[in-house]
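So that the names make sense, note that chain A is the first sequence line, chain B the second, and so on, each numbered from 1.
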Amino acid sequence: MPHGKTERFRPSDTLQVREFTVTLYARFAAHLDSILDGMEERGQLPAALDRRAIAIEPPRDASHGDMAINAAMVLAKPAKTNPRALAELLVAELEKLDEVESVAIAGPGFLNLTLTRATWEAELNAIQAAGEDFGRSDLGAGLRVNVEYVSANPTGPMHMGHCRGAVVGDALATLLAYTGHQVTREYYVNDAGGQVQVLGRSAHVRYREALGETVEVPEGLYPGDYLVPVGQALAKEFGDRYVGAPEAEWLALFRTRAVAAMMDMIRDDLALLGIHHDLFSSEAQLQAAGKPEEAEATLRARDLIYDGVLEKPKGQADEEWEPVELPLFRSTQFGDDQDRPIKKSDGTWTYFGADMAYHYQKAATADQLIDIWGADHAGTVKRITAAVAALTGGKVPLDVKLIQMVRLLRDGEPVKMSKRSGNFVTLAEVVQEVGKDVVRFTMLTRKPDAQMDFDFAKVVEASKDNPVFYVQYAHARISSLGRRAAETFGELPAVDLSHLGTDEIALVKAAANFPRIVESAAKNREPHRVAFYLYDLAAAFHAWWNMGNDDPAKRVIVAEAPEVSAARLYLGRAVGQIIRNGLMLMGVAALTEMT
RNA sequence: GCGCCCGUAGCUCAGCUGGAUAGAGCACUCGCCUUCUAAGCGAGCGGUCACUGGUUCGAAUCCAGUCGGGCGCACCA
């Protein structure tokens, strides 16, 4: 396998065999395991203790050293000893490790390790050697993960309500690919329900308009002028053939054409955000292929679907309520409020009935399913997770990630949106106004289950208040260092890391934490953690940089000291590499200069 | 009424699935700009982690309940 030239990172590219840098923390986990094994053999510990609660992590307070281990506290009770005694035994073993400078017992029984300087210098070299693969891992072990996100109804352009889920889903997919999962990015096209019928009728109105009629879009149809070109295309293709024709003659055709046009538009909108799905699955095709019937048969065989009558909804005055017998899924067995119909009384599938089959289909080629949904669909999570569990025998877990609402603000005032009037803020408008990178980064600066404000003024502000700018600025500064070093020195001397001081080593430690962040973000499926980490790393870098303001000898480029400059530049570039890697996971470009 | 999410500094939010003295930005106070990009920097002030119980060596984190806010409660999608 050719080494040397780094190959370009592609989000969905995970199958190649790669060599991964074994991370510092993974090494110590292995060290600790063998130490504990040895203690078991010598009878210092009972055999087969549960080690899962043992954590090796950086201490919150740097004065506690580089690494904290809670093993003595976790194991003391099952080992029927006290944390202190166990800690003493562990200290003796840990001190034998080459990478360990010293070990202290602190607090209720923490083992605080201080690592040797050589260890941190090696970490810095590891970052440089691994480049864009520093942080990449085989955590997922090739597990096939299907991430379904966006899946906006094909009835109009993308609006800002779709944006957050799109970005979070995309970043999550990238993150999973980077951590060794085999990822499929999927979009479910809801082209079979009543809404696309309405779309077809709306297109017919625009079709008549294109043929010269003066039309008014009737109440209940889609008024947006994005259907005008669709009508024009239909007019050009079919002439006036369907003007006075009964709906049955043209509706299916117009619906199909309109959906295709809407999907083209949506794909373009998504491309503006750098989002490209691997697979678009059609609900209509799913139904035509008889998939819902298959799913129904499977569930009926397990007595999870029965024909029954739903109870009258409580607390609502509804004279229209009539008891009807429908095929119902026993979602109450899984904690849902009521059993859910999979078909309507007219015999067509409910959304849930088709969606259940759709997930069944996805599960056939995946080990895990992830859905990114808006929080307004929270009420339907139980029924679908229950159905997937039943259909797959629990073998393919479904994780539904709910994304909370985004409130758009302009000058501190909420921007009003109304889908019905067609008056909504489109994704394309926002991307055009503030830029792809700002939109993506901002959407990832809040955990998904918290609501969020998106203020047009604040997100483009060039100041420290704005994390997008702050992180980009750090990267741009690092890029400018390279240019300036070339101007100042031409050729730099070989890098000698002994020129780095404790401030610099502290920065190495911050940068070396990146793989842990990536791993935890992937495990928890929370890409926002990368954004917060990058902000912290950028802050550490800026602080280092600013030391040069007070003391010129602490600047990165010191004209009189090329050896020192070379070492500091090497460190700066490593930090830049980490920022690039993190931004790449977020789908955000790393700027080489601020404009 | 029921379900899900949220409640952490005056404000906006983190808190790495149970760890040590709960963190960052803004705001406020004090001190710093003839710059390797001050598009800021350093220091300080500021908390009953909504409340009450429980679980254990140890809780902002897990469990139960209460209060407050958001979203949802069709055979819709």
Side-chain angles (χ1 to χ4, degrees), chain A residues 53 55 57-61 64 68 70 73-74 76-77 82-83 106-110 112 151 153 155 190 192-196 283 310 313-316 318 320-321 324 326 328 335-338 340-355 374-382 402 404-405 445-453 455 458 461-467 469-470 473 476-477 480-481 484-485 487-488 513 516-517 519-521 523-524 526 528-529 531-533 535-536 539 542-543 545-550 552 554-559 565 568 593-594:
Chain A
E57 46 191 17
R60 196 168 300 164
D61 187 337
H64 292 146
N70 65 355
M73 291 181 293
V74 170
K77 196 173 187 183
N82 66 72
F110 283 102
N112 289 338
S151 298
N153 284 331
T155 54
N190 297 125
Q195 293 193 4
V196 289
E283 183 186 1
L310 280 177
K314 291 171 206 156
Q316 286 178 26
D318 42 7
E320 297 165 24
W321 167 257
V324 185
L326 294 168
L328 301 175
D336 205 351
D337 298 341
Q338 57 172 301
R340 303 293 173 174
I342 60 166
K343 277 185 180 176
K344 307 177 209 168
S345 50
D346 67 1
T348 61
W349 297 98
T350 61
Y351 183 83
F352 169 62
D355 201 31
D376 51 342
H377 291 81
T380 64
V381 173
K382 271 181 185 164
L402 295 177
Q404 292 292 331
M405 305 285 137
T445 53
R446 197 121 314 173
K447 58 183 173 191
D449 42 16
Q451 291 168 51
M452 161 176 194
D453 287 348
D455 191 313
K458 284 188 181 165
E461 191 175 295
S463 78
K464 192 181 176 179
D465 311 2
N466 183 355
F469 167 80
Y470 198 60
Y473 189 31
R477 273 184 161 171
S480 84
L481 281 176
R484 191 166 297 270
E487 290 166 17
T488 309
N513 207 25
R516 276 189 88 246
I517 300 297
E519 186 179 320
S520 78
K523 276 184 179 166
N524 294 286
E526 292 182 347
H528 74 276
R529 293 185 189 201
F532 282 98
Y533 167 78
Y535 182 83
D536 289 342
H542 286 307
W545 170 286
N546 284 318
M547 282 193 270
N549 284 337
D550 296 331
K554 290 191 170 173
R555 294 179 180 179
V556 178
I557 308 290
V558 183
S565 301
R568 289 179 183 169
E593 54 191 324
M594 307 303 285

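- At the heavy-atom level, A:G374 lies nowhere under 4.0 Å from the strands shown.
- Using a 4.0 Å heavy-atom distance criterion, A:S345 is classed as a base contact.
- Residue-level contact check: A:N524 touches the bases, meaning some heavy atom is under 4.0 Å from a base atom.
- To the nearest whole angstrom, the two C1' atoms, one in B:C4 and one in B:C75, are 23 Å apart.
- B:U61 and B:G54: their P atoms are spaced 14 Å apart (whole Å).
- Among the heavy atoms of the strands lying under 4.0 Å from A:N112 is at least one base atom, whether or not backbone atoms are also near.
- Comparing the same atom, C1', in B:A20 and in B:G58 gives a spacing of 10 Å after rounding to whole Å.
- Within the nucleic acid shown, A:T488 has no heavy atom closer than 4.0 Å to any nucleic acid atom.
- Note that CG of A:D449 and CG of A:L402 are 8.5 Å apart. Values are rounded to the nearest 0.5 Å.
- Separation of atoms NZ (A:K343) and CG (A:L328) is listed at 12.5 Å; rounding is to 0.5 Å.
- Listed nucleotides B:A77, B:C5, B:A20 differ in distance to A:D449; the shortest reach to its side chain belongs to B:C5.
- Distances were taken from every side-chain heavy atom of A:F110 (C-beta onward) to each of B:G19, B:C76, B:U37; the shortest belongs to B:G19.
- Using a 4.0 Å heavy-atom criterion, one finds that A:N70 contacts the bases of the nucleic acid, with or without backbone contacts as well.
- A:A559 comes within 4.0 angstrom of nothing in the nucleic acid, heavy atoms only.
- Note on A:A375: only backbone sugar-phosphate atoms sit closer than 4.0 angstrom, heavy atoms only; bases stay farther off.
- Across B:G40, B:C16, B:A77, the shortest atom-to-atom separation from the side chain of A:H377 is found for B:A77.
- Taking the C1' atoms as reference points, B:C11 lies 29 Å from B:C33, given to the whole Å.
- Residue contacts shown for A:P108 include a base, since a base heavy atom lies under 4.0 Å away.
- Here the nucleotide nearest the side chain of A:E57, chosen from B:G72, B:A38, B:G19, is B:G19.
- In this structure, A:R477 reaches the B:A38 phosphate: one of its side-chain N or O atoms is under 4.0 Å from OP1 or OP2.
- A:N524 approaches A:R529 most closely through the heavy-atom pair ND2-NH1, 3.2 Å.
- Closest to the side chain of A:R529, out of B:C16, B:A77, B:A20, is B:C16.
- For A:M452 and A:K523, each mapped to the nucleotide of RNA chain B holding its nearest heavy atom, the one lying further toward the 5' end belongs to A:M452.
- Backbone-only contact: A:K447 has heavy atoms under 4.0 Å from sugar-phosphate atoms and none from a base.
- Residue A:F469 is in base contact, counting any heavy-atom pair closer than 4.0 Å across all strands shown.
- In this structure, A:W545 reaches the B:A38 phosphate: one of its side-chain N or O atoms is under 4.0 Å from OP1 or OP2.
- As a whole-Å value, the separation of A:K458 NZ from B:G25 C1' is 11 Å.
- A:H528 has a side-chain polar atom (N or O) that falls below the 4.0 Å cut-off from OP1 or OP2 of B:G15.
- The gap from the P atom of B:G72 to that of B:U12 amounts to 22 Å, rounded to the nearest Å.
- To the nearest 0.5 Å, atoms OG1 (A:T350) and CG (A:L326) are separated by 9.0 Å.
- No engagement by A:I517 is indicated, since no non-hydrogen atom pair under 4.0 Å with the nucleic acid exists.
- Between the C1' atom of B:G1 and the CD atom of A:Q338 lies a distance of 14 Å, rounded to the nearest Å.
- Ring geometry for A:F469 against A:Y473 counts as parallel: the plane angle stays under 30°, on a 0 to 90° scale with 60° as the upper cut.
- Separation of the P atoms belonging to B:G15 and B:A60 is 16 Å when rounded to the nearest angstrom.
- Between B:C32 and B:G46, the two C1' atoms lie 23 Å apart (nearest whole Å).
- Side-chain atoms of A:T155 do not come within 3.5 Å of backbone N or O of A:V196 as any donor-acceptor pair.
- For the atom pair CZ (A:R477) and CH2 (A:W545), the distance works out to 5.0 Å, reported to the nearest 0.5 Å.
- You'll find that the side chain of A:P59 is closest to B:A20, out of B:G25, B:C75, B:A20.
- Across all strands shown, B:C73 pairs with B:G1; the Watson-Crick or G-U wobble distances both stay below 3.5 Å.
- When the nucleotides B:G19, B:G40, B:G25 are ranked by their closest atom to the side chain of A:R60, B:G19 comes out on top.
- Atom name P, nucleotides B:A14 and B:C76: the rounded distance is 35 Å, in whole Å.
- At least one side-chain nitrogen or oxygen of A:R446 sits closer than 4.0 Å to the OP1 or OP2 atom of B:C13.
- Distance check, rounded to the nearest 0.5 Å: CD of A:E283 to CG of A:N190 gives 5.0 Å.
- Donor-acceptor pairing under 3.5 Å, judged by distance alone, is absent between the side chain of A:D536 and the base of B:A24.
- Contact annotation for A:M594: base contact, defined as any heavy-atom pair under 4.0 Å involving a base atom.
- Comparing A:R516 and A:M547, the nucleotide of RNA chain B nearest to each residue sits closer to the 5' end for A:R516.
- Nearest nucleotide to the A:A476 side chain, out of B:C75, B:G69, B:U37: B:U37.
- The side chain of A:L402 lies closest to B:C4 when the candidates are B:C4, B:A77, B:C41.
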